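Below you'll find the structure, written out as structure tokens, and then a few comments.
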Amino acid sequence: MMSNTPSNRPLRVRRLRRSELPADTIELARYLIGKTLVHDLSRMRLAGRIVETEAYPIGDAAAHAFRGETPGIRSLFLAHGHAYVFFTYGSCFMMNVSSEEAGTGAGVLLRALEPLEGIRFMQRRRGTTRLLDLTRGPGRLAQAMDIDKRVDGVNLCAGGNLWLGTALRRVSPIGAVTRIGITRDIQRPYRFYERGNPFVSGPKRLLKGIA
DNA sequence: TATGCGATATTCT
DNA sequence: GAATATCGCATAG
């Protein structure tokens, strides 16, 4: 009785071209809501619908790039549409989509997906069958999608295995609230999410911001 | 349901 | 040595 699971629904996704992505960090963070993240493995496809992002724009004190370029954050300085993957808290990888022009360090953190395809694989990697716990949160998302340092610096619009695709259905109104887990510039409403979507991370009381 | 805290590794100071 | 764009389990209510 798997006929109702999202994993069996055929996906009609087209790859996004770089020219379709806004270069501006805030615009890109909004634009990515509802779009599809796809990771083609040798034997299967992993895919999810992006439902939550955070912008880390130019001059933002909470951004990794705030203090200038270092070897560890090189990918943030690539042209918009590249993956920046970093490791933190001893256990989690997280993925950004780089923004702005080449040489400028800024990006959009992917915080949550709605699982679409490859759910069995995600469940095995995450050690749970609970759909809501597979990709809700940036660390979970990376683990479920098999994202780690190997894909750091990958061009997401160049025909590779990890790529951004078109939206598969209409996107509900987008909310904007404060970001999670930061200690500087904490008041900026740079966290964007699809309203009413259960796969958005964090406590619900933090979602009372303005659109 | 809500809050608290330890685990864990990479980077920069 | 300190800090960290988190997670998952523990405990209390």
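Everything quoted here is computed from the prediction, not taken from an experiment. Here is how names work: the chains are called A, B, and so on, in the same order as the sequence lines, proteins then strands, and each is numbered from 1. When reading the values below, keep in mind they use all heavy atoms of this one structure, side chains included, and skip hydrogens, waters and symmetry mates.
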Q | Salt-bridge criterion met for A:Glu69 and A:Arg74 (N-O under 4.0 Å) | A | no
Q. Does A:Arg14 have any salt bridge (Lys or Arg N to Asp or Glu O under 4.0 Å) partners at least two apart in sequence or in another chain, and if so, which?
A. A:Glu20
Q | Strand contacts (DNA chain C) in residues 93-103 of chain A, 4.0 angstrom heavy-atom criterion | A | A:Met94, A:Asn96
(Q) Between A:Glu54 and A:Arg179, does any NZ, NE, NH1 or NH2 come within less than 4.0 Å of an OD or OE carboxylate oxygen? (A) no
Q.
Considering every strand and a 4.0 Å limit on heavy-atom distances, what is the contact class for A:Leu109: base, sugar-phosphate, or nothing?
A. base
**Q.** Side-chain donor-acceptor contact under 3.5 Å, A:Thr178 with A:Gln187
**A.** no
Q.
I'd like to check the side-chain contact (heavy atoms from CB on, under 4.5 Å) partners of A:Pro203; sequence neighbours left out, ordered by chain and number.
A. A:Arg205, A:Leu206
Q) Can a donor-acceptor pair be found between the side chains of A:Glu100 and A:Thr25 at a distance below 3.5 Å? A) yes
Q) Using a cut-off of 4.0 Å on non-hydrogen atoms, how would the nucleic acid contact of A:Arg191 be classed: base, sugar-phosphate, or nothing? A) nothing
Q. Would you call A:Asp24 and A:Arg30 a salt bridge, using N to O less than 4.0 angstrom?
A. no
Q. From the 5' end of DNA chain C to its 3' end, which nucleotides mark the outer limits of contact with chain A, defined by a 4.0 Å heavy-atom distance cut-off (strictly under)?
A. C:dT4 to C:dG8
Q | A:Arg67: partners by side-chain hydrogen bond (donor to acceptor under 3.5 Å, both in side chains), with sequence neighbours left out | A | none
Q.
Could you tell me if A:Arg126 sits above the aromatic ring of A:Phe121, with its cationic atom closer than 6.0 Å to the ring centre and no more than 45 degrees from the axis?
A. no
Q: With sequence neighbours left out, write down each residue that passes salt bridge (Lys or Arg N to Asp or Glu O under 4.0 Å) with A:Arg49, or none if nothing qualifies.
A: A:Glu114, A:Glu194
Q: Report the secondary structure of DNA chain C in dot-bracket form, marking unpaired bases with a dot and bases paired to a different strand with |, and treating Watson-Crick or G-U pairs with both distances under 3.5 Å as paired.
A: ||||.|||||||.
Q | Counterpart residues, salt bridge (Lys or Arg N to Asp or Glu O under 4.0 Å), relative to A:Asp133 (two or more places apart) | A | A:Arg130, A:Arg136
**Q.** Contact nearer the 5' end of DNA chain C, comparing A:Tyr56 with A:Gln143
**A.** A:Tyr56
Are any protein N/O atoms closer than 3.5 Å to N/O atoms in nucleotides 2-6 of chain B? If there are, list each pair with its distance.
unit_1 : atom_1 : unit_2   : atom_2 : d
B:dT3  : OP2    : A:Arg205 : NE     : 3.4
B:dT3  : OP2    : A:Arg205 : NH2    : 3.2

Q: Mark yes or no for whether A:His39, through its side chain, and A:Met145, through its backbone, hold a donor-acceptor pair below 3.5 Å.
A: yes
Q. Taking only residues two or more places apart in sequence or in another chain, which ones pass salt bridge (Lys or Arg N to Asp or Glu O under 4.0 Å) with A:Arg170?
A. none
Q.
Would a single hydrophobic cluster contain both A:Leu162 and A:Val108, if residues Ile, Leu, Val, Met, Phe, Trp and Tyr are joined by side-chain heavy-atom contacts under 4.5 Å?
A. yes
Pairs under 3.5 angstrom only: tabulate donor-acceptor contacts from the side chains of residues 78-88 of chain A to other protein residues two or more places apart or in another chain.
unit_1  : atom_1 : unit_2  : atom_2 : d
A:His80 : NE2    : A:Arg18 : O      : 3.4
A:His80 : NE2    : A:Leu21 : O      : 3.3
A:His82 : ND1    : A:Ala79 : O      : 2.9
A:Tyr84 : OH     : A:His64 : ND1    : 2.8

Q) When you check every protein heavy atom under 4.0 Å of nucleotides 8-13 of chain B, what one-letter string (B, S, -) results, 5' to 3'? A) BB--S-
